[in-house]
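Quick note on labels: first sequence line is chain A, next is B, and so on, each numbered from 1. The model shown is predicted, which means the values in this text are computed figures rather than measured ones.
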There are 2 protein chains.
Amino acid sequence: MTRRLPPLNALRAFEAAGRHLSFTKAAEELTVTQAAISHQVKALEDHLDTDLFIRMPRHLELSKAGKILLPVVTKAFDRIGNSVAQLNRNLASSALTVRLAPSFTAKWLSPRLDDFRKQFPQVDLSLTLSNDPVDFRRQPIDLAVTYGKGNWRGVLAERLLAIDFFPVCSPGYLRTVENLAEVADLERCTLLHDTNRKSWADWLALAGADTVNADRGTIVDDTNVLIQAAIDGLGIALGSSLFVADHLAAGRLVRPFDTIMHSDYAYYIVTTKQHLKRPEVADFKAWLLSQSTMATLESQPR
Amino acid sequence: MTRRLPPLNALRAFEAAGRHLSFTKAAEELTVTQAAISHQVKALEDHLDTDLFIRMPRHLELSKAGKILLPVVTKAFDRIGNSVAQLNRNLASSALTVRLAPSFTAKWLSPRLDDFRKQFPQVDLSLTLSNDPVDFRRQPIDLAVTYGKGNWRGVLAERLLAIDFFPVCSPGYLRTVENLAEVADLERCTLLHDTNRKSWADWLALAGADTVNADRGTIVDDTNVLIQAAIDGLGIALGSSLFVADHLAAGRLVRPFDTIMHSDYAYYIVTTKQHLKRPEVADFKAWLLSQSTMATLESQPR
DNA sequence: GGTTAGCATTAGTTTTACTAATGCATAGTA
DNA sequence: TACTATGCATTAGTAAAACTAATGCTAACC
């Protein structure tokens with residue numbers, strides 16, 4: 001870690017000066033004298049060992065360094081300012097705050113959410129999308145749906161959806177790769193990977209084709225984008241029922257091989273004992289589980 | 001504006017304390033005494049008029065307000081820290097920095113970029129995607145491709161791609177809406193809008209159906225998402241050749257009506273005289289224009 | 001060629017931030 | 001139960017940072 005921040009008050013003076021392109025106006029905004037801004041900017045320039053402004057008589061410009069720094073600092077301060085301004089509102093709200101894996105939300109949760117809103121109209125849901133791990137001690141989050149192996153410490157994790165893997169590609173791609181009869185023939189295909197290249201290696205081992213090199217192909221970091229790439233005929237991806245069932249049904253994707261890998265990975269409901277005491281958290285969790293039970297009753301097309 | 005920021009040094013103390021969940025460790029990180037952190041956090045709590053921590057003997061927790069504030073402040077400081085750390089690297093680089101409209105990039109630029117890289121392998125391209133207006137005096141940007149009417153002041157704007165509008169929907173949607181014969185029948189359809197609801201009103205007026213109420217339907221703020229919504233059968237969108245040509249060709253979309261609106265809007269190349277003096281900026285601009293000339297030679301399927 | 005806008009500089013003052021010492025509460029331990 | 005260690009709070013005094021007021025400097029503007 002050891003983040004090395006410049007003097008913060010100097011940053012504030014610089015930010016105002018850069019925004020106004022004027023020390024005098026910045027001084028007005030911060031209700032100090034022009035000399036104060038001049039001092040602070042000078043101090044920041046000394047600290048960074050770069051000029052931030054190009055001083056011309058009666059006219060101020062940002063230097064290249066200033067142009068790089070200004071938007072970053074402005075945005076950072078804006079975010080803090082907004083957060084502070086909304087603090088009281090957020091404190092007052094009793095919203096149920098849920099952090100979700102983006103791909104899961106797009107494919108599974110979104111079409112079901114209306115049902116939750118109908119069943120629990122009084123619950124004010126606030127959703128945030130992120131793959132980051134949740135820290136219930138440092139983030140205002142009541143419950144999360146996270147992709148992983150369920151081996152997190154200090155939290156309650158319950159499996160929501162298991163993920164299985166099998167190869168999929170577009171019918172068009174299948175035609176371009178001639179004689180894709182055996183698993184070993186995958187050697188001639190472009191493999192599309194999700195985040196890390198682990199899954200393909202595992203699947204190939206399961207299918208008895210560990211001679212095929214799994215360290216090739218393209219990495220795409222969002223599951224839905226990965227599947228779209230397969231649909232667009234860029235190669236063969238490892239899909240799971242959750243994400244490809246409708247594409248298989250519509251004929252946009254096909255399964256060149258039958259082997260299904262039952263992986264350790266799944267989408268988990270993650271929360272804490274403490275948070276579960278809030279009835280709306282418990283309700284949402286129960287609702288999620290009820291939805292997943294219904295989902296498994298649907299037949300999955302090959 | 002008048003953003004009201006809390007004392008910044010107090011924020012820094014709070015952020016470190018929240019991250020460590022310990023005043024003592026925060027003090028170590030900032031190389032001050034524990035008392036200093038205690039003072040600063042107190043001052044911030046007084047300023048915000050809320051507790052940020054729950055103090056327990058030998059154990060520190062974040063209050064709800066603390067949990068709301070901490071991630072925001074941590075991210076903000078991280079960004080500033082990263083930006084500062086990379087300042088020298090970015091100052092040294094001679095990269096061509098280009099700001100692009102995201103939808104334009106996905107559909108038009110991406111497939112062509114390889115060609116630029118082949119023609120100008122020595123140019124180190126740095127792309128940022130945003131619909132925000134560019135301020136060449138405050139942002140380190142050499143050139144932008146922006147959607148608008150080209151009437152910006154203090155910049156050079158040259159039209160790259162004109163945008164025409166016509167209704168599109170999925171073949172499936174067309175079947176669900178019976179007897180969609182006349183423009184007036186749009187009254188019975190879901191209209192999908194881009195950002196503001198202006199375009200539909202203009203098109204309806206052009207098509208002679210100003211009786212149809214254009215203030216209905218769904219707003220989607222990214223063009224590609226909008227088009228996807230139309231493909232998914234959610235309603236009728238106003239598409240333009242650039243974004244729907246391939247979907248029309250593949251039969252995923254159809255045109256229920258012929259009327260094409262030639263709008264004032266277009267994608268413009270925006271830069272300044274000053275920036276054009278850099279040869280790589282001039283090269284990139286010339287390349288963009290050459291690509292657009294080639295594009296117009298392609299026939300657009302109905 | 002005088003006037004003015006706007007940043008810089010200097011010296012002195014005010015405000016903020018910090019330290020050192022100590023207090024207080026309690027979890028862990030014998 | 002008493003003893004020890006941990007960790008934040010408080011108080012009083014000190015050091016450092018930030019600020020002001022006055023003035024200087026430069027070149028654009030008329």
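- Helix-axis bend for the helix from C/dG1-D/dC30 to C/dA30-D/dT1: the local axis fitted to the five terminal pairs at one end deviates from that at the other end by 30°, rounded to 10°.
- B/F23 has its CZ atom 6 Å from the P atom of D/dC8, to the nearest Å.
- Between the C1' atom of D/dC8 and the CD atom of B/E61 lies a distance of 15 Å, rounded to the nearest Å.
- Counted within 6.0 Å of CD on A/Q86, heavy atoms from surrounding residues, nucleotides or ligands total more than 12; the atom is thus considered enclosed.
- The minimum heavy-atom distance linking A/Y267 with A/I163 is given by the pair CE1-CD1, 3.7 Å.
- A donor-acceptor contact closer than 3.5 angstrom links the side chains of B/T74 and B/E15.
- Within 4.0 Å (heavy atoms only), B/T24 reaches sugar-phosphate atoms of the nucleic acid but no base atom.
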Considering only distance and modelled atom types, tabulate donor-acceptor pairs under 3.5 Å from the side chains of residues 121-132 of chain A, sequence neighbours left out.
unit_1	atom_1	unit_2	atom_2	d
A/S130	OG	A/D132	N	2.9
A/S130	OG	A/D132	OD2	3.4

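- Between A/S38 and C/dA8 there is a side-chain polar atom (N or O) within less than 4.0 angstrom of OP1 or OP2.
- Straight-line distance from the CD atom of A/E28 to the P atom of C/dC7: 11 Å, rounded to whole Å.
- Residues passing the salt bridge (charged side-chain N to carboxylate O under 4.0 Å, His left out) test with B/K67, sequence neighbours excluded: none.
- A straight line from NE2 of A/H20 to P of C/dG6 spans 13 Å, rounded to a whole angstrom.
- Ring pair A/F53/A/F23 is perpendicular by interplanar angle, where above 60° counts as perpendicular and below 30° as parallel.
- A salt bridge is absent between A/R55 and A/E61; no separation between the charged side-chain nitrogens and carboxylate oxygens falls under 4.0 Å.
- If you take CG of B/D51 and C1' of D/dA9, they are 14 Å apart, rounded to a whole angstrom.
- Taking the six-membered ring where tryptophan is involved, the planes of B/Y265 and B/Y147 are essentially parallel, since the angle between them stays under 30° and well short of 60°.
- Look at CG on A/L30: it is 18 Å from P on C/dT15, rounded to the nearest Å.
- Listed by residue number, the members of residues 53-60 of chain B with any heavy atom below 4.0 angstrom from DNA chain D are B/R55, B/R58, B/L60.
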Polar atom pairs between nucleotides 18-25 of chain D and protein, under 3.5 Å, N or O only, would you list them?
unit_1	atom_1	unit_2	atom_2	d
D/dA18	OP1	A/N9	ND2	3.4
D/dC19	OP2	A/Q40	NE2	2.9
D/dT20	OP2	A/T33	N	2.6
D/dT20	OP2	A/T33	OG1	2.6
D/dT20	O4	A/H39	NE2	3.3

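- The NE2-C1' distance, from A/H47 to D/dA17, rounds to 15 Å in whole Å.
- In this structure, the side chains of B/L143 and B/L288 come closer than 4.5 Å at one or more pairs of heavy atoms.
- C/dT10 atom C1' lies 13 Å from atom NZ of A/K42, rounded to whole Å.
- Judged by distance alone, the side chains of A/R79 and A/N82 never bring a donor and an acceptor atom under 3.5 Å apart.
- Here side-chain hydrogen bond (donor to acceptor under 3.5 Å, both in side chains) pairs that include residues 137-146 of chain A, with residues two or more places apart or in two chains, are A/D135-A/R138, A/D142-A/R278.
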